[in-house]
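Here the structure is a predicted model, which is why all the values come from computation and not from measurement.
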Amino acid sequence: MSLVGKKFPNVTIDAMSEMGDDLRINVLEEATSNQQKVILFWYPKDFTFVCPTELHAFQDALGEFEKRNTKVIGASCDTNEVHFAWLNTPKDNGGIEGVTYPLLADTHRQLANILGIVDQDFEYNEDGEETFTGSNVTYRATYLIDETGKIFHESVNDMPLGRNVKEYLRLIDAYTHVQKHGEVCPANWEEGKDAMKADRTSTAEYLAKN
């Protein structure tokens with residue numbers, strides 16, 4: 001079930017800073033209290049394969065997110081201790097040393113289960129006993145949250161598929177344009193390109209030029 005258009009869940013979760021500080025982060029409050037957008041991206045597991053490439057890609061783009069008044073938060077179901085160990089592992093050894101944004105440690109899967117992004121299924125065997133299947137880690141889910149706490153984008157990738165960080169910057173630009181100008185953004189819109197008014201005339205004019 002999609003959460004787009006709804007408030008982000010009001011849940012406070014353990015987190016780890018790059019300096020080894022134990023934190024408690026409420027993503028909804030990060031957006032509303034600080035009047036900023038938030039990008040929350042979930043990855044399956046620390047010390048894995050595609051995951052460090054994504055964490056470094058978000059770090060490389062951190063300045064661009066900051067220009068857009070957007071806070072970056074990573075998340076998995078690993079513990080704070082495992083996060084800190086990975087943060088202290090060099091990049092050339094598969095680690096995420098140099099990542100400076102906080103990482104949620106949703107070890108009880110409280111928030112991940114509310115969002116419905118955990119790879120898990122519960123079934124019953126022929127004796128009526130409940131059995132568990134699945135990896136019990138999260139998919140590569142991404143949420144963009146505005147200054148009111150509303151989710152304006154969500155996407156979920158399967159485990160092997162890394163994200164395109166530039167697309168989230170484009171989406172933030174588009175949503176900010178909508179907020180500022182009250183226009184709508186057509187397919188493949190980028191900053192500086194024409195947007196449209198939400199009416200037939202404007203759509204026809206845009207299509208005639210494009």
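Within the 3.5 Å criterion, the main-chain N or O of Cys77 finds no donor-acceptor partner in the side chain of Lys45. In terms of modelled atom types and a separation under 3.5 Å, the side chain of Arg170 and the main chain of Lys166 share no donor-acceptor contact. Remark: the backbone N or O of Gly134 is not paired with any side-chain donor or acceptor of Gln120 at under 3.5 angstrom. Distance alone, capped at 3.5 Å, is enough to place a donor-acceptor pair between the Gln36 side chain and the Glu30 backbone.
More than 12 heavy atoms of other residues, nucleotides or ligands shown are found within 6.0 angstrom of NE2 on His181. Counting heavy atoms of neighbouring residues, nucleotides and ligands inside a 6.0 Å radius, atom CZ of Arg200 does not exceed 12 of them.
The shortest distance between side-chain heavy atoms of Tyr101 and Ile73 does not fall below 4.5 Å. Lys7 is listed as a side-chain neighbour of Thr148, based on a closest heavy-atom distance under 4.5 Å. Looking at heavy atoms from C-beta onward, Asn136 lies in side-chain contact with Val118 at the 4.5 angstrom threshold. Looking at heavy atoms from C-beta onward, Glu18 lies out of side-chain contact with Val99 at the 4.5 angstrom threshold. Using a 4.5 Å heavy-atom cutoff, the side chains of Asp119 and Met159 are in contact. Residues Thr176 and Lys37 form a side-chain contact, since some pair of their non-hydrogen atoms from C-beta on lies under 4.5 Å apart.
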Tell me, with the steps shown, if Val11 and Asp106 meet side-chain contact (heavy atoms from CB on, under 4.5 Å). CA-CA 11 Å; Val11 179; Asp106 190 16; over 6 Å; no
Applying side-chain contact (heavy atoms from CB on, under 4.5 Å), run through Val165 and Phe65 and close with a yes or a no. CA-CA 10 Å; Val165 174; Phe65 285 108; 3.8 Å; yes
Between Glu183 and Ser202, does a side-chain contact (heavy atoms from CB on, under 4.5 Å) hold up when you go through it step by step? CA-CA 10 Å; Glu183 296 181 315; Ser202 183; over 6 Å; no
Check the pair Arg163 / Tyr168 against side-chain contact (heavy atoms from CB on, under 4.5 Å), numbers first and verdict last. CA-CA 9 Å; Arg163 282 163 278 219; Tyr168 301 112; 3.3 Å; yes
Could you pull out all donor-acceptor pairs under 3.5 Å where a side-chain atom in residues 187-197 meets a protein atom, sequence neighbours excluded?
residue	atom	partner	partner atom	Å
Trp189	NE1	Lys193	O	3.1
Asp194	OD2	Lys209	NZ	3.4

If you look only at distance, which donor and acceptor atoms sit under 3.5 Å apart when one is on a side chain in residues 86-96 and the other is two or more places apart or in another chain?
residue	atom	partner	partner atom	Å
Trp86	NE1	Gly94	O	3.1
Asn88	ND2	Phe84	O	2.8
Thr89	OG1	Ala85	O	2.8

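Across all non-hydrogen atoms, the minimal contact from Asp173 to Arg68 is OD1-NE, 2.7 Å. Listed here is the closest heavy atom pair of Asn157 and Gly162: ND2-O, 3.8 Å. In terms of heavy atoms, Val50 sits closest to Thr53 at O-OG1, 2.5 Å. Here the closest non-hydrogen pair linking His83 and Leu104 is NE2-O, 2.8 Å. Between Gly149 and Thr32, the shortest heavy-atom distance links the atoms N-CG2, 3.7 Å. Leu28 approaches Pro9 most closely through the heavy-atom pair CB-O, 4.1 Å.
Both Ile13 and Val38 sit in one connected hydrophobic cluster of ILVMFWY residues. Membership requires side-chain heavy atoms under 4.5 Å apart, directly or through other members. Follow the hydrophobic side-chain contacts under 4.5 Å out from Leu62 and you reach Ile39 in the same cluster. Under a hydrophobic clustering in which Ile, Leu, Val, Met, Phe, Trp and Tyr are joined whenever their side-chain heavy atoms come within less than 4.5 Å, directly or via other members, Tyr175 and Val4 fall into different clusters. Connection of Ile172 to Ile151 is not established within any shared hydrophobic cluster, with ILVMFWY side chains joined at heavy-atom distances below 4.5 Å, either directly or through further cluster members. No chain of hydrophobic side-chain contacts below 4.5 Å, direct or via other Ile, Leu, Val, Met, Phe, Trp or Tyr residues, connects Phe47 to Phe49.
Here OG of Ser76 is found 11.0 Å from CZ of Arg140. Values are rounded to the nearest 0.5 Å. Separating the CG atom in Leu103 from the CG atom in Asp46 is a distance of 7.0 Å, to the nearest 0.5 Å. To the nearest 0.5 angstrom, Leu144 atom CG is 4.5 Å from Phe152 atom CZ. Glu147 contributes atom CD, which lies 7.5 Å from atom OG1 of Thr70 (distance to the nearest 0.5 angstrom). Atom-to-atom distance recorded for Leu40:CG and Leu111:CG is 7.0 Å, nearest 0.5 angstrom. Atoms CG and OH, on Asp158 and Tyr139 in that order, are 6.0 Å from each other to the nearest 0.5 Å.
No donor-acceptor contact under 3.5 angstrom links the side chains of Asp14 and Asn80, judged on distance only.
With respect to Phe58, the ring pair (Phe, Tyr, Trp, His ring centres under 6.0 Å) criterion is satisfied by exactly one of Phe41, Trp42, Tyr43: Phe41.
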